[in-house]
There are 4 protein chains.
Amino acid sequence: MQAKNSTAKQKATRKTGQPSFTESGRRAQIVAAAIDVIAEVGYHRASFAKIAERAGLSSTGMISYHFDGRDDLMREVVTEVMRLADGFVRPRIEVHESYAARLRASIEGNLDLLAEYPNHLAAIVEILGNLRGEDPGMVAFLGTAEANLAVQVEQLRKAQRAGEFCDFDPWVMMRAIRAAIDDVVRRATHDPDLDVRAAGRELADLFDRATRRAS
Amino acid sequence: MQAKNSTAKQKATRKTGQPSFTESGRRAQIVAAAIDVIAEVGYHRASFAKIAERAGLSSTGMISYHFDGRDDLMREVVTEVMRLADGFVRPRIEVHESYAARLRASIEGNLDLLAEYPNHLAAIVEILGNLRGEDPGMVAFLGTAEANLAVQVEQLRKAQRAGEFCDFDPWVMMRAIRAAIDDVVRRATHDPDLDVRAAGRELADLFDRATRRAS
Amino acid sequence: MQAKNSTAKQKATRKTGQPSFTESGRRAQIVAAAIDVIAEVGYHRASFAKIAERAGLSSTGMISYHFDGRDDLMREVVTEVMRLADGFVRPRIEVHESYAARLRASIEGNLDLLAEYPNHLAAIVEILGNLRGEDPGMVAFLGTAEANLAVQVEQLRKAQRAGEFCDFDPWVMMRAIRAAIDDVVRRATHDPDLDVRAAGRELADLFDRATRRAS
Amino acid sequence: MQAKNSTAKQKATRKTGQPSFTESGRRAQIVAAAIDVIAEVGYHRASFAKIAERAGLSSTGMISYHFDGRDDLMREVVTEVMRLADGFVRPRIEVHESYAARLRASIEGNLDLLAEYPNHLAAIVEILGNLRGEDPGMVAFLGTAEANLAVQVEQLRKAQRAGEFCDFDPWVMMRAIRAAIDDVVRRATHDPDLDVRAAGRELADLFDRATRRAS
DNA sequence: GATGAATGAGCCTTCATTCAT
DNA sequence: AATGAATGAAGGCTCATTCAT
């Protein structure tokens, strides 16, 4: 066993040797509750008390029992949402051949996902947007998100080398795309009437013009 | 002004009949400290204790004395930064004639401002990004920021009508621009080596391509 | 036995009609784990969670099942260690004739025991040293330890009456001896390099001089 | 100002540049309450809640306000008691010339002190006896106690070199003395009828015989 | 017998605010 | 104006215990 505090998750993981998506029902339920609460009140106001209440638990102790602290829970939330997002968006991208079509699919796919899972995306944007250099485990986590972005940056670069995209700093472009999407996510949280799919098409058009090689 | 009880600000306002930028020295000092602290640790972790310490005050009571609660202080911070930003960016825009040049000046101006006042922009992005529909006074405040944006949206619309810009949803475009700028602000907080002026030029190019009428 | 509800121990006791040292394997295993944990982290920090972990149990519920609460477990630990200590030290004492030799054998025997079972003695010293007048069952227990001491006090008295020992308050002497030994036990916990047998010889010399009839 | 948490004590200390015995009234009051509570229920059960109640405070937050955590409070308690003990015992020792008389004065002085301030000694024995290698600040503290002991050990050594004391390991002797005294302290906590001054005289006799050069 | 989940109380800490001075 | 003390709520976390399976 480990040194200090062994949690249900750690035990489960140790037994199965499997990563976190082999959740016990309760863990998944708590993660789901956390996603809803974070989407509703934001990262910092998402207290264990509120999450426990949403999850139908009688005490916050139960969350501490299942997770090795707040950071661990947040990590699980991010993991869960990334898993969902990847499964949702990736196939929609891989259908396409041209870099331009793939970029469009990426943007529209993210906003379709938002339309179907508004809380999930709101939660991850809240968490990643409020991270500071506090917990080392969480910082390592930011690295993962960065690596994700790097993969997409590489796609942009390839498109440029292929002559399909014009000349621009691919990191700046990628961040602008990400920022625009996340902004829609944030607004959708407050404004349920927002037509996110329409916004997706508009953004896809926008960044198509911004990336296309001038004809 | 507000609900509960009389504060120094209210008294000052009543006396002078002037808006808030005629601050007492203490108020300005606290606002400045708040800006630094928010930039450093974020909106939620910017406690009165930390702000008082930064301001060289020996007790948080002083802040409560000068401001009608946390929201009031935050409002003042936003007001102050908006005033600074407006004074910095507006002249740089008005120098230009064409809409394209003005858009470029707006983007690059914001990032020049970031280069000179990194904490100010970081603070306002933190605050506005963490606002929820909690306090009515703050919500009214978000309206102000929205109105600011609306003015710029109107500029985009005019440029379109003038045939200078191509066809796009000006709200989506404006938010994408804002989001891209704010993202640089956020990153600059964590990464002091980031070349924000270069990013400004890149973003200006990016949104130039995205808005220009195809030739 | 106690007030509230039926435990495994009670069942076992009822079945066999035997006292507690006819333990089930599990009970003994838990007691052994408790001894180690108490020696390592102290009485108050020795939580069921840590003990269960050390014992290779997956839940603290098992401990509650086998013992009627924390006090019951602690009582068992003390009983077990006393049994061990008595079996170890008593024969070494009874070999000798003179009171002085028996006293020396007692002191050195205790520290030999410490050398061989450091955790056992550390645990009992921790427990008995942290007892308060809280639980009636535990207080009755302190009486047992006191009775043990009384037996040795009687030996001192006999030695005095036999003219072998000089005049002193045998209770104060006995407590000083006990305290000196326990102090070595405590230090040995933190300092593994301590030569406890050498300390035993020194203490035996010391108390020999303190008790001997002046020649 | 300092980085993380500034407490009332730190502020006071910074202002005056004086060590902790320049206490604010509340600090001293809390320390006094802590001493009583620790003496009564022991180190680990002495919660902020109990101490606050004893001090007549309405919330534990007040203690956190005045002290930088539990360890800081405990450190203050130990400092306070050591100061008291030193002021009480040292003059009684320095009156005497011979090492034997000084040793006797030390032992009896400690127990006279116990008779007058039973809670103070109980508290320090509780705290120092329950310290583990957890907090570095507290460990440094144990070093102070050790240094105190070293001074007295040196006295024993001098007495041996002067031919006044017989041959023994001065560290073992000193620890035995300390342990015997602390044991009386512990017992006095539970048994208010104990005649501690009588015990002091007995212990002084005991260790006189144990140290004296055989005639 | 054994397990993992659940409970409720208690812990220390931080927070914004209030108030007497 | 300014201070330092005080308050009460809320925060995350650990604990011994209970219970259904």
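The structure presented is a predicted model; accordingly, all values stated were derived computationally and were not measured. Reminder, nothing fancy here: chain letters follow the sequence lines and each chain counts from 1. Keep in mind that the numbers below use all heavy atoms, side chains included, and drop hydrogens, waters and symmetry copies.
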Worksheet entry | A:Glu40: which of A:Lys50, A:Arg45, A:Arg54 passes salt bridge (Lys or Arg N to Asp or Glu O under 4.0 Å) |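 Passing option: A:Arg54.
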
Worksheet item: Picking from F:dA1, E:dT7, E:dC11, which would you name as closest to the side chain of A:Met62?
Response: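 Taking heavy atoms from C-beta onward, the closest nucleotide is E:dT7.
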
Separation of [X] atom [atom1] from [N] atom [atom2], in whole Å?
{"X": "D:His44", "N": "F:dT14", "atom1": "NE2", "atom2": "C1'", "answer": "14 Å"}
{"X": "D:Tyr65", "N": "F:dG8", "atom1": "OH", "atom2": "P", "answer": "16 Å"}
{"X": "A:Ile51", "N": "F:dA10", "atom1": "CD1", "atom2": "P", "answer": "16 Å"}
{"X": "C:Gln29", "N": "E:dG1", "atom1": "CD", "atom2": "P", "answer": "12 Å"}
{"X": "C:Phe48", "N": "F:dT17", "atom1": "CZ", "atom2": "P", "answer": "5 Å"}
{"X": "B:Glu53", "N": "E:dC15", "atom1": "CD", "atom2": "C1'", "answer": "15 Å"}
{"X": "C:Arg27", "N": "E:dA2", "atom1": "CZ", "atom2": "P", "answer": "13 Å"}
{"X": "D:Leu57", "N": "E:dC12", "atom1": "CG", "atom2": "P", "answer": "14 Å"}

Item to complete: Quick one: closest heavy-atom pair of C:Ala34 and C:Val77, and the distance?
Response: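 C:Ala34 and C:Val77 have their closest heavy atoms at CB-CG2, 3.9 Å.
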
Worksheet item: So, for B:Ala39 and B:Ala122, which heavy atoms are closest and what is the spacing to 0.1 Å?
Response: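 Looking at all heavy atoms of both residues, the shortest contact is CB-CB, 3.8 Å.
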
Item to complete: Sort out the partner of F:dA20 for me: Watson-Crick or G-U wobble, both distances under 3.5 Å, none otherwise.
Response: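 Pairing partner: E:dT3.
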
Worksheet item: Does E:dG10 have a Watson-Crick or wobble partner in any strand here, with both distances under 3.5 angstrom, and which is it?
Response: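 Per the H-bond distance test, F:dC13.
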
Worksheet item: Toward the 5' end of DNA chain E, which comes first, C:Gly61 or B:Arg45, by nearest nucleotide?
Response: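 Whichever sits nearer the 5' end wins; that is C:Gly61.
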
Worksheet item: Does the base of E:dC11 carry an N or O that pairs as donor and acceptor with the side chain of D:Thr60 under 3.5 Å?
Response: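 Not at all, since no donor on one side and acceptor on the other fall under 3.5 Å apart.
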
Within the structure, does a side-chain N or O atom of [X] lie under 4.0 Å from either OP1 or OP2 of [N]?
{"X": "B:Ser64", "N": "E:dT18", "result": "no"}
{"X": "C:His66", "N": "E:dG1", "result": "no"}
{"X": "A:Ser58", "N": "E:dT7", "result": "yes"}
{"X": "A:Arg26", "N": "E:dA6", "result": "yes"}

Worksheet item: Given side chains that start at C-beta, do those of A:Ile30 and A:Leu57 come closer than 4.5 Å, heavy atoms only?
Response: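 Yes. Closest side-chain heavy atoms under 4.5 Å.
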
Discussion item. For a quick check of understanding: with a heavy-atom distance under 4.0 Å over all strands, which category does A:Ser59 fall into, base, sugar-phosphate or nothing?
Written reply: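 Base: the residue A:Ser59, judged by heavy atoms under 4.0 Å, touches a nucleobase.
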
Discussion item. Do C:Arg70 and C:Tyr43 form a cation-pi contact, if we require the NZ or CZ to be under 6.0 Å from the six-membered ring centre and within 45 degrees of the ring's axis?
Written reply: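 Yes, cation above the ring, under 6.0 Å and within 45°.
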
Practice prompt. Please figure out whether D:Gly56 or A:Lys50 has its closest DNA chain F nucleotide nearer the 5' end.
Written response: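 Comparing both residues, the 5'-ward one is D:Gly56.
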
